[in-house]
Amino acid sequence: MGSGGMIVMDEDDCMVDVARFYQDFCVDESCGKCAPCRVGTRTLLNLLDKITTGKGTRADLKKIRDVGAAMQKAALCGLGQTAPNPVLSTLKYFEAEYLAHIDEQHCPAGKCKALVTYSIDASKCIGCTLCARRCPVGAIEGERQKPHRILPEQCIKCGECLKACKFGAVSRR
Amino acid sequence: MKTVKLTINGHPVEVEAGTNILNAAQKAQVKIPSLCYHPDLPAWAACGICVVKVKGLNRLVRACATPATEGLEVTTHDPELYGIRRTIIELILSTHPDDCLQCPRNNNCELQRLAAEFGIREAPYGKRLRDLPPDDTTGSLELHPEKCILCGRCAAVCQGMQGVWALEFIGRGEKMRIAPAADVSLEESPCIKCGQCSAHCPVGAIYEHSHAPEVYAALADPTKHCVAQIAPAVRVALGEDFGYEPGTLLTGKIYAALRRLGFDAVFDTNFGADLTIIEEGTEFIERFAHGRGPLPLITSCCPSWTDYMEKFAPDFIDNFSTAKSPHAMVGALTKTYYAEKKGLDPKDIFMVSIMPCTAKKFEIQRSEEMSSSGQQDIDISLTTRELCRMIKSAGIDFRNLPDDEQVDSLLGAYTGAGTIFGATGGVMEAALRTAHWSLTKERLPTMELKEIRGLDGVKEATLKVAGKDVRVAVAHCMGNIEIVLDKVRAAREAGEETPYHFIEVMACRGGCVGGGGQPYGATDTIRRQRAAGLYRDDEKSAQRCSHENPMIQQLYAEFLGEPLGEKSHQLLHTGYYKRKPYKR
Ligand code: SF4
Ligand code: SF4
Ligand code: SF4
Ligand code: SF4
Ligand code: SF4
Ligand code: SF4
């Protein structure tokens with residue numbers, strides 16, 4: 001990841017989100033002297049934000065490649081030259097994940113909160129109330145022993161209900 | 001001179017060792033684009049647009065910051081480099097307002113030109129503007145940091161060339177911005193209003209505060225008697241905005257343009273330059289030959305320099321010539337001598353000086369001595385650039401104006417000595433011509449003092465006058481002055497004789513020909529061309545010494561009496577005050 005260090009990730013990690021995380025870090029680290037890095041880091045971050053919130057387009061992928069190339073070749077120091085590497089390498093090896101976000105507004109790893117919805121399958125829910133008690137924002141309603149329901153406007157997509165449910169009634173999509 | 005051979009796009013060139021690739025490419029008729037590099041300044045390497053390929057290197061290098069070395073094979077343009085440059089321009093534009101139509105650099109902006117050359121038609125990265133307030137506190141220069149592309153030129157000029165350190169980058173990353181040092185306002189900062197930042201800025205982020213609206217209003221007012229005067233350096237630079245070669249002498253056309261703009265009388269600051277020589281030359285002789293006052297005598301016609309001295313070298317206040325700058329003298333005399341002769345009420349006179357300079361805008365109000373006529377002696381000072389715009393907006397076909405239009409009488413006629421004031425060394429040369437005559441009643445054997453011409457930062461000469469050595473120094477570009485002052489200080493401390501008797505200082509590189517209010521794009525080549533234009537004006541002048549100016553003689557006979565006399569003191573001299581570099 002830029003520095004040459006290695007991080008091992010599994011299918012629970014969204015490559016776009018990981019790239020976004022590193023870009024956010026680079027925006028803070030850019031010293032600001034040279035234009036490719038100062039403006040490029042922020043531009044990449046904004047493009048990744050767009051994609052992770054389901055507003056990205058295929059044209060944004062070309063923009064990422066253009067900006068990334070300009071930074072790699074024309075940023076003044078190693079920081080700016082390597083700042084686009086996480087984005088460019090994930091785009092190269094995991095392009096399908098990017099396309100899922102863009103074409104289907106879907107985050108395969110379920111990490112991009114804007115693209116994820118949690119719901120309760122009424123046929124599986126026995127109304128144990130565990131999820132409603134775990135939910136930190138009280139976004140689950142339902143009477144004891146009756147199927148529960150998640151209120152989408154209130155849900156912050158933390159995933160606690162999914163972990164809590166012992167009957168596989170909560171699903172993420 | 002050691003040279004190196006290299007190839008630019010396969011084309012062999014030979015350049016002086018140490019030349020950067022960007023300048024070497026010019027020898028192969030190749031322009032490598034850049035937004036931050038400027039030939040006056042060390043490479044800052046910020047924009048990244050000048051990247052080129054060098055055979056054998058697997059990364060790109062910046063042409064501005066990479067010296068040409070023997071055998072280098074450079075590729076400056078190919079589709080990949082085009083794409084990278086284009087992306088960087090688009091990135092810069094994504095943080096830059098699309099204000100071209102309201103911008104003083106419209107049609108004359110390095111960023112705009114590059115965007116046009118690359119055919120930018122879209123804004124792929126959107127717009128993220130920075131909400132940064134402008135600073136118009138000095139009345140001379142406006143800083144618009146939201147338009148700044150952070151090229152670093154102004155800070156390098158202000159710190160390196162000028163030694164003032166009034167501008168600095170503040171913040172880091174995307175928060176980085178250009179601001180007066182310590183984040184005070186420009187007016188509270190040590191800024192000396194030289195305007196060199198504005199002359200070097202590639203975009204419209206620092207520019208002169210325009211006073212053209214006030215001038216238009218006065219020209220439209222039938223109760224006002226509007227008078228203009230032009231500084232020496234204006235006549236050899238203004239043409240650049242109308243397609244002339246730098247250095248083309250256009251005095252007659254400029255007089256004609258001013259009349260057509262509606263000025264009732266057109267005077268020449270060169271007359272004031274001649275008068276400055278009489279007053280300052282007399283001061284010099286008083287100090288040099290009669291021991292009345294401290295040596296060295298230091299010239300004071302550059303307001304940025306006097307501002308610098310008051311802030312950074314107040315130990316030299318007593319060495320300063322008290323003579324006002326030439327335009328201020330013409331201003332004071334217009335509202336007294338001219339008004340009297342013409343039967344005009346000085347209150348009705350509106351005096352506009354056209355200057356190569358942004359600091360003159362500040363000078364005309366710097367102290368109460370600038371209102372010696374009872375009114376503010378100069379109402380408005382415009383830069384050369386502002387006059388160019390006025391001429392264009394008034395629909396004047398400048399190129400076809402008559403060349404031989406004459407200046408108005410009383411405060412217009414000038415000698416060759418007056419006109420060379422606009423080039424570094426010119427004031428000294430003019431002063432020595434007259435001082436020599438005053439002390440020996442003979443003309444100098446050679447009028448041209450070549451040792452003090454040209455663009456070396458500090459020039460020294462020794463001249464035998466009436467059997468005595470006169471040691472002089474000439475410094476230009478503000479940062480060079482400390483070298484000269486330190487020599488004087490060292491002699492002072494050691495109790496030795498002063499190393500110089502007379503020192504000329506101009507804040508701008510090349511003197512006023514390279515002034516902060518001149519047409520954009522000055523380089524050393526252009527500064528030399530402009531200076532050469534003034535020296536040609538000198539050579540073709542009937543009189544080449546200020547004391548030979550018949551109108552100056554008439555002025556003393558009819559009005560002033562004698563140099564350094566009571567009237568001169570009241571109208572033509574000023575005082576200096578120790579000031580703090582930072583106002584808070
Ligand atoms: S690449 Fe280096 S020099 Fe350029 S802005 Fe980034 S950190 Fe600063
Ligand atoms: S994901 Fe979190 S916030 Fe949403 S319903 Fe489940 S527990 Fe509540
Ligand atoms: S600085 Fe240049 S590009 Fe920016 S608004 Fe002004 S003219 Fe246009
Ligand atoms: S006007 Fe001169 S002193 Fe003031 S900020 Fe600009 S370069 Fe510096
Ligand atoms: S103000 Fe102008 S010269 Fe200064 S850094 Fe910004 S763009 Fe460059
Ligand atoms: S050198 Fe001339 S143009 Fe520059 S600040 Fe001084 S007077 Fe003005």
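Throughout, protein chains are lettered first and strands after them, A, B, ... in sequence-line order, and every chain is numbered starting at 1.
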Cross-chain donor-acceptor list, chain A x chain B, under 3.5 angstrom:
| residue | atom | partner | partner atom | Å |
| --- | --- | --- | --- | --- |
| A/Asp28 | O | B/Arg172 | NH1 | 2.9 |
| A/Glu29 | O | B/Arg172 | NH2 | 3.0 |
| A/Ser30 | O | B/Gly173 | N | 3.3 |
| A/Cys31 | O | B/Gly173 | N | 2.8 |
| A/Lys33 | NZ | B/Trp44 | O | 3.0 |
| A/Ala35 | N | B/Ala46 | O | 3.1 |
| A/Arg42 | NE | B/Glu174 | OE1 | 2.9 |
| A/Arg42 | NE | B/Glu174 | OE2 | 3.2 |
| A/Arg42 | NH2 | B/Glu174 | OE2 | 2.6 |
| A/Lys63 | NZ | B/Pro124 | O | 2.9 |
| A/Ala74 | O | B/Arg62 | NH1 | 3.0 |
| A/Ala74 | O | B/Arg62 | NH2 | 2.7 |

Quick check: closest heavy atoms across [X] and [Y], and the distance to 0.1 Å?
X        : Y       : result
B/Met176 : A/Gly32 : CE-O, 3.2 Å
A/Ala35  : B/Ile88 : CB-CG2, 4.4 Å
B/Leu6   : B/Ala68 : CD1-CB, 3.7 Å
A/Ile102 : A/Gly56 : CG2-O, 3.5 Å

Flag the one option from B/Cys151, B/Cys36, B/Gly152, B/Pro124 with the top tally of heavy-atom pairs under 4.5 Å to chain A.
-> B/Pro124

Pair count under 4.5 Å, heavy atoms only, with chain A: among B/Gly173, B/Gly171, B/Gly48, highest is B/Gly173

In terms of heavy-atom pairs under 4.5 Å with chain B, the winner among A/Ala69, A/Pro36, A/Ala59 is A/Pro36

Heavy atoms only, distances under 4.5 angstrom: which of A/Val39, A/Val27, A/Leu47 has the most pairs with chain B? Name it, please.
-> A/Val39

In a table with atom names and distances, give each donor-acceptor pair under 3.5 Å that connects a side chain of residues 146-153 of chain A to protein atoms at least two apart or in another chain.
| residue | atom | partner | partner atom | Å |
| --- | --- | --- | --- | --- |
| A/Lys146 | NZ | A/Glu143 | OE1 | 3.3 |
| A/His148 | ND1 | A/Lys146 | O | 2.9 |
| A/Arg149 | NE | A/Glu141 | OE2 | 3.4 |
| A/Arg149 | NH2 | A/Glu141 | OE2 | 3.3 |

Using non-hydrogen atoms and a 4.5 Å limit, figure out which bit of B/Ile149 sits close to chain A: side chain, backbone, both or neither.
-> backbone

Separation between CZ of A/Arg134 and CG of A/Leu130, rounded to the nearest 0.5 Å | 5.0 Å

How long is the gap from CD1 on B/Ile49 to CG on B/Leu81, to the nearest 0.5 Å?
-> 12.5 Å

Checking A/Ala75 against chain B: side chain, backbone, both or neither under 4.5 Å from a heavy atom?
-> backbone

Taking the side chain as C-beta and beyond, is there a heavy-atom pair between A/Cys135 and A/Cys161 under 4.5 Å?
-> no

Look at the side chain of A/Lys157 and the backbone N and O of A/Lys113, then say whether any donor-acceptor pair between them is shorter than 3.5 Å.
-> yes

